[in-house]
Amino acid sequence: MYKTPVEEIAFTLKHVAGMDEAFAAGKFGELGEDLVDAILAEAGRFASEEVAPLGDVGDRQGARLVDGAVKTPEGWRDLYHNWIAGGWNGLTAPEDFGGQNLPHMLHVAAMEMWNSGSMAFALGPTLTMGAIEALEKHGSDDLTATFLPKMVSGEWMGTMNLTEPHAGSDLGVLKTRAERRDDGTYRIFGQKIFITWGEHDFTDNIIHLVLARLPDAPPGTRGISLFLVPKFLVNADGSLGTRNDLFCHSLEHKLGIHGSPTCTMIYGDGKFGDERGAIGYLVGEENRGLACMFTMMNNARLAVGMQGVAIAEAATQKAVAYAKERTQGRAPGWSGEGMSPIIEHPDIARTLLTMKALTQGARAIAYACAHAVDMAHVSTGEDARHWQERSSLLTPIAKSFATDAGVDVASMGIQVHGGMGFIEETGAARYLRDARIAPIYEGTNGIQAIDLVTRKLPLSDGDHMRGFLAELRQIAAAVAASNRPGFGETAARLDASIADLADATDWLLSALGAGKLAEALAGATAYQRLFGLALTGVYLAKGGLAETGDGKEDQRMALCRFAAENLLAETAALKDRVVNGAASLAAARSVLD
């Protein structure tokens with residue numbers, strides 16, 4: 001059974017991601033370390049004791065569409081209401097609407113715990129939090145006053161509706177249409193697919209944020225507007241009114257996250273109401289909806305990265321527990337009676353340590369991204385711009401590296417279990433099935449690589465990235481200066497991986513400057529992986545350097561050394577793919593004809 005690693009999470013927040021530095025600078029007001037520890041402990045208790053036990057139930061039963069209504073797995077509705085009773089829904093929401101306005105770092109840490117317990121369950125509240133953020137930043141006073149208090153409390157949940165059958169990541173070709181009405185409302189017509197938690201029995205109202213196109217809108221993404229479309233209309237006194245003209249047509253049968261209803265939503269076909277068309281309210285300005293939705297999507301990408309971390313953590317825990325119990329053969333040096341636990345075999349130990357290093361590296365990257373988000377919010381002037389660029393740079397890596405790690409670690413977890421991992425009853429397979437969606441949604445990891453190379457590297461003409469590389473080199477230098485034998489060859493391996501990252505960065509910036517977009521994009525995914533691995537090594541080293549007196553310094557150094565001496569050699573090959581891979585890609589394209 002999953003047990004929340006509260007101490008490891010708190011350590012990473014404070015000593016690796018930057019929370020202690022923010023405390024020292026007075027950036028978080030009256031929030032102190034004691035309160036942070038208390039919040040993490042209670043979030044961990046809830047995840048371990050209440051969410052995790054229902055994870056398998058959700059996987060077995062799944063969400064079901066019965067007579068037009070979605071039924072969630074047994075016990076999940078009560079679990080959700082216990083969750084909102086704990087105040088978790090409003091952790092980072094604005095205080096004006098009933099939220100707690102706590103740092104985003106705490107939010108992503110708690111999100112990791114809930115997703116480890118059940119990713120399928122945690123998806124619903126995650127989307128609501130994103131919808132709250134988009135509405136709070138872009139909604140009118142009337143909209144925020146009507147909808148935000150009940151969304152922040154969790155009484156109502158929210159979704160985002162982007163994808164259509166013909167329009168996946170290319171939102172510029174979406175066809176859902178909106179028609180203006182004289183009363184200032186709009187009528188929405190169209191079909192959306194893959195809508196997570198688009199219909200369910202948790203709450204009596206669901207607030208959909210829907211992208212649609214007005215009749216006179218310009219083509220492409222410049223002509224997309226965002227609308228708030230509630231399942232039930234809301235009366236002037238705040239009570240629920242009539243059913244809006246929208247419904248869930250069907251549920252997808254998926255590889256994983258079975259408890260999470262993935263809906264095909266139909267808007268405006270006349271099933272409800274006196275007139276065809278779902279009533280919607282404009283969020284932001286006409287034809288500027290994509291900018292509003294990206295407010296939600298940017299942090300949603302970090303949230304998806306946390307799902308990767310969460311699955312990796314849960315899969316690692318299960319694999320370690322199994323490897324300690326399962327006996328097979330006699331490992332080298334085994335002196336006990338009978339067969340040895342498989343954790344004593346070098347290959348199993350190597351696999352488990354790889355899982356642990358990738359998990360902790362992905363966690364540190366995601367938490368560092370959340371720290372940058374927080375610092376951008378509490379800073380002004382040049383400091384705010386610096387931290388905004390840092391969060392922009394880290395977001396695609398946090399999303400992609402962590403979700404790839406989730407898949408890889410879950411797959412390795414099955415390998416540790418051997419044949420029993422392929423059997424559903426052990427629970428190892430669920431993690432791989434659940435993890436597999438994360439590299440796909442909220443922008444596939446390939447799209448994240450395009451974003452990283454074409455938009456994030458060139459920030460401030462590449463100066464921000466160069467400054468970040470200098471920070472990484474300082475950490476590597478601190479490892480060398482520490483002269484601690486426990487680090488082994490870590491300093492040299494860090495220097496080499498950072499040099500690989502710097503060389504690949506320079507090559508990409510040069511290629512972009514010369515207009516060689518295709519050549520740059522050919523190596524984008526390799527560069528993204530290189531970046532994530534280099535950061536994993538550096539952040540594990542930063543943790544290994546920390547002196548907290550908790551008695552785990554040697555363990556952290558040992559894991560750092562393992563990662564540096566076993567994983568970081570890959571960065572040289574990845575650099576080679578970035579710099580030299582484009583020509584072979586172009587030459588081989590005909591093979592696909």
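- Contact record, A278 with V229: CB-CG1, 3.9 Å, taken as the closest heavy-atom pair.
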(message) Using side-chain hydrogen bond (donor to acceptor under 3.5 Å, both in side chains), reason through D204 and W156 one step at a time and then give a plain yes or no.
(response) CA-CA 7 Å; D204 57 7; W156 296 344; 3.3 Å; yes
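- Between E275 and R187 there is a salt bridge, with a side-chain nitrogen of the basic residue lying less than 4.0 Å from a carboxylate oxygen of the acidic one.
- W197 has its ring centre less than 6.0 Å from the ring centre of F202.
- Residue S260 comes nearest to L123 through the heavy atom pair OG-CD1, 3.7 Å, listed as atom of the first residue, atom of the second, then distance.
- No side-chain donor-acceptor contact under 3.5 Å links R180 to the backbone of D183.
- Taking every heavy atom of both residues into account, L457 and L393 meet most closely at CD2-CD1, 4.4 Å.
- Ring geometry for H249 versus F247: interplanar angle of 30 to 60°, hence tilted.
- To the nearest 0.5 Å, atom CZ of residue R301 and atom NZ of residue K399 are 8.0 Å apart.
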(request) Step by step, work out the side-chain hydrogen bond (donor to acceptor under 3.5 Å, both in side chains) result for E313 and Y431. (result) CA-CA 10 Å; E313 173 63 38; Y431 293 129; over 6 Å; no
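- Aromatic ring centres of H377 and W387 lie farther apart than the 6.0 Å criterion allows.
- The nearest pair of heavy atoms linking K71 to D201 is CA-OD2, 3.7 Å.
- Using modelled atom types, one finds no donor on one side chain facing an acceptor on the other under 3.5 Å when comparing T203 with N205.
- Put simply, the side chain of N235 gets close to the backbone of L240: a donor and an acceptor are under 3.5 Å apart.
- Taking every heavy atom of both residues into account, S392 and L459 meet most closely at CB-CD1, 4.1 Å.
- Across all non-hydrogen atoms, the minimal contact from F147 to V234 is CE2-CG2, 3.7 Å.
- Under the 4.0 Å criterion applied to side-chain N and carboxylate O atoms, R288 and E286 are not assigned as salt-bridge partners.
- Distance check: L162 CG to L226 CG gives 8.5 Å after rounding to the nearest 0.5 Å.
- A salt bridge does not link E389 to K456: none of the charged nitrogens lies less than 4.0 Å from a carboxylate oxygen.
- The residues E425 and R60 are annotated as not salt-bridged, no charged nitrogen and carboxylate oxygen being separated by less than 4.0 angstrom.
- Distance alone, capped at 3.5 Å, is enough to place a donor-acceptor pair between the T146 side chain and the D142 backbone.
- Only one option out of Y2, W83, F46 pairs with W114 in a ring-ring contact (aromatic ring centres under 6.0 Å, His included); it is W83.
- Expressed to the nearest 0.5 Å, how far CD1 of I279 lies from OG1 of T185 amounts to 5.5 Å.
- Rounded to the nearest 0.5 angstrom, N445 CG and T403 OG1 are separated by 3.5 Å.
- Residues F121 and W76 place their aromatic rings such that the two centres sit under 6.0 Å apart.
- Using a cut-off of 4.0 Å between Lys/Arg side-chain N and Asp/Glu carboxylate O, D56 and R430 are scored as salt-bridged.
- Side-chain N or O atoms of R213 include one that pairs as donor or acceptor with a backbone N or O of P218 at under 3.5 Å.
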